[in-house]
Amino acid sequence: MDSQNTAPAAFSSHKMQDAPAAMIDSHSVTKRLQSELMQLMMSNVPGISAFPISDSNLCQWTGTISGPEGTYYEGLTYKISMTFPPNYPYHAPVIRFVSPMWHPNVDMSGNICLDILKEKWSAVYNVQTILLSLQSLLGEPNNASPLNAQAADLWDGNPAEYKKLMMTHYKDIDEINDQ
Amino acid sequence: MVEEGKLASDPDHLDDLTILRLTQEIKDVEASKNPLVGDFKPISVLLSEYKDATFRNKIKALGGGNAGYRPVRGDGNCAWRAFAFRYFELLSKLSKEEIEATSNGLQARTSLLDEAGYSDTGYIDFVEETFNLFQKLPDMTPEQVVTEFNNAEVSSAIIVHFRLLAAAYIKTHADDYIPFIDQGEGADIGEYCNRNIEAFSVEADHLALSALVNSMITVDLGVVYMDRSAGDEAVVHKFSPVESSAEGRPPSLKIDLLYRPGHYDIFYK
């Protein structure tokens with residue numbers, strides 16, 4: 001890639017070139033994700049699941065979230081993708097809904113607006129806390145700053161219409177997995 | 001990297017992994033220009049950066065001789081990294097016994113994390129990194145501490161540990177801190193700590209530094225404010241722990257930071 005070819009020349013005269021690389025080595029990310037996977041499997045929390053897509057790349061996970069009881073999403077299961085940066089857990093993973101998701105804080109591409117995945121990210125969070133936060137987001141949206149304004153309007157305003165529109169977007173998880 | 005090249009040529013179809021990798025590459029280029037913790041520079045270097053008389057007078061007043069500073073990368077963690085680095089640099093010059101006493105004292109403060117409600121599985125990795133460094137410290141030179149802190153894996157973990165200690169101190173001493181926290185928009189102590197202290201890459205404010213010093217017990221912190229305010233001498237804000245360590249041991253450490261609006265470096269008198 002271009003950036004790799006041009007970058008060293010830009011600071012080749014600088015003595016800091018010899019400084020140890022500041023990037024966190026991917027070994028520690030791998031170790032951390034392996035231990036998270038173990039914890040997740042051991043704790044076996046109902047309604048959430050996540051695991052790496054392949055053994056060769058621990059930085060890409062797939063997961064599922066079931067809608068909490070007593071919410072519009074009860075009985076429905078959604079698929080998400082999780083991509084971990086090389087400096088995880090110091091920076092948040094990128095999470096998006098793979099299943100079409102009709103919700104005030106999710107856009108049509110599956111991008112999620114959730115503060116703990118952005119400016120409130122902290123290194124003490126992990127896959128499990130993210131999944132649980134996403135699950136509670138399904139029942140408690142932040143309607144003050146919606147990505148999907150129509151969903152935010154209908155959330156309190158017209159439950160019947162909300163449920164109807166949400167269901168027209170819903171795809172069963174088996175159908176997603178077959179794609 | 002051929003398959004990534006293909007993806008990279010079509011910016012509308014970058015997947016998340018590629019975006020994260022490209023972002024990291026840009027950061028790595030920046031990182032190689034600015035080490036996390038840089039080399040010591042005499043105060044004359046700082047002076048040469050300024051033409052403005054207010055700054056020049058204040059810098060001259062900081063003292064000559066051995067005075068100087070050590071730049072720290074401005075990545076939102078600079079105050080935390082500067083503090084943590086200087087803490088270990090000072091300790092590396094002490095005896096094995098003093099290092100051990102400090103380590104034991106800090107280990108005892110882990111109880112703050114439990115009291116504040118952090119789960120040990122959440123914090124253990126970060127805390128361990130701090131005490132790994134303590135273990136190695138008696139055999140390390142100050143130069144080796146610099147190298148160690150330029151390993152992001154090590155210094156980031158220690159920063160998270162120190163951030164959690166500061167947040168835990170605020171949460172367990174809420175009455176002392178509530179009056180200083182802006183309670184607009186329903187913000188409370190937990191929300192404040194989450195947004196301003198636990199969140200990685202968010203710069204330390206006055207409250208965070210105060211809490212950090214109180215949580216550590218053995219550090220007195222001075223922050224030299226190098227700004228455009230009137231006067232021929234920089235204002236120094238001093239932070240001392242409310243509690244003091246038992247029987248004067250572990251020894252008290254004196255850390256000085258140089259603050260220029262938006263950024264902290266390490267100051268040496």
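A note on names: the letters A, B, ... follow the listed sequences, proteins ahead of strands, and every chain is numbered from 1. Basis for what follows: all heavy atoms, side chains included, without hydrogens, waters or symmetry-related copies.
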Engineer: For B:S111 and B:D114, test the side chains for any donor-to-acceptor distance below 3.5 angstrom and give the result as yes or no.
Structural biologist: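 Result is no, nothing qualifies.
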
Engineer: Looking at A:H91, is its backbone amide N or carbonyl O close enough to the side chain of A:N87 to form a donor-acceptor pair, meaning the two atoms are under 3.5 Å apart?
Structural biologist: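 Such a contact is absent between A:N87 side chain and A:H91 backbone.
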
Engineer: For B:S155, which atoms come within 4.5 Å of any heavy atom of chain A: side chain, backbone, both, or neither?
Structural biologist: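 Answer is neither: B:S155 stays 4.5 Å or more from chain A.
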
Engineer: Is the shortest side-chain N to carboxylate O distance from A:K31 to B:E153 below 4.0 Å?
Structural biologist: no

Engineer: Do other residues, nucleotides or ligands put more than 12 heavy atoms under 6.0 Å from B:E49 CD?
Structural biologist: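 Buried by this count: over 12 neighbours within 6.0 Å.
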
Engineer: Under a 3.5 Å cutoff, is there a donor and acceptor pairing between the side chains of A:R32 and A:N126?
Structural biologist: no

Engineer: Any luck finding a side-chain donor-acceptor pair between A:S54 and A:N57 under 3.5 Å?
Structural biologist: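 Per modelled atom types, A:S54 and A:N57 side chains form no pair under 3.5 Å.
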
Engineer: How are the rings of B:F131 and B:H161 set to each other: parallel, tilted or perpendicular (split at 30° and 60°)?
Structural biologist: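 It falls in the tilted class, 30° to 60°.
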
Engineer: Examine B:R260 relative to B:Y69 and say whether NZ or CZ is less than 6.0 Å from the centre of the six-membered ring and inside a 45° cone about the ring axis.
Structural biologist: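 Judged by the rule (NZ or CZ under 6.0 Å from the ring centre, within 45° of its axis), B:R260 counts as positioned above B:Y69.
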
Engineer: So does A:I112 get a backbone contact from the side chain of A:N105, meaning a donor-acceptor N/O pair under 3.5 Å?
Structural biologist: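 Not a single qualifying donor-acceptor pair exists.
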
Engineer: For A:E119, which atoms come within 4.5 Å of any heavy atom of chain B: side chain, backbone, both, or neither?
Structural biologist: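 For A:E119, heavy atoms of backbone and side chain both lie under 4.5 Å from chain B.
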
Engineer: How about residues 119-127 of chain B versus chain A: which residues have heavy atoms under 4.5 Å apart?
Structural biologist: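 Those residues of residues 119-127 of chain B which have a heavy atom under 4.5 Å from chain A are B:T121, B:G122, B:D125, B:F126.
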
Engineer: Judged by atom type as modelled, is there a donor-acceptor pair below 3.5 Å linking the side chain of A:E36 to the main-chain atoms of A:V127?
Structural biologist: yes

Engineer: If you check every heavy atom in residues 148-168 of chain A against those of chain B, which residues fall under 4.5 Å?
Structural biologist: none

Engineer: Which region of A:P93, side chain (C-beta onward) or backbone (N, CA, C, O), has a non-hydrogen atom less than 4.5 Å from a non-hydrogen atom of chain B, or is it both or neither?
Structural biologist: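 It is neither, since no heavy atom gets under 4.5 Å.
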
Engineer: Of the backbone (N, CA, C, O) and the side chain (C-beta and beyond), which part of B:I19 lies under 4.5 Å from a heavy atom of chain A, both, or neither?
Structural biologist: neither

Engineer: Using atom types as modelled and distance alone, determine if a side-chain donor or acceptor of A:Q135 lies under 3.5 Å from a backbone N or O of A:S66.
Structural biologist: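 Indeed, once roles are kept as given, a pair shorter than 3.5 Å links the two residues.
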
Engineer: If I measure from the heavy atoms of chain B, does A:T129 come under 4.5 Å with its side chain, its backbone, both, or neither?
Structural biologist: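 No part of it gets close to chain B.
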
Engineer: I'd like to know if A:K120 pairs up with B:E198 as an ion pair, taking the criterion as any Lys NZ or Arg NE/NH1/NH2 lying under 4.0 Å from an Asp or Glu carboxylate oxygen.
Structural biologist: no

Engineer: Between A:Y125 and chain B, which part of the residue has a heavy atom less than 4.5 Å away: side chain, backbone, both or neither?
Structural biologist: side chain

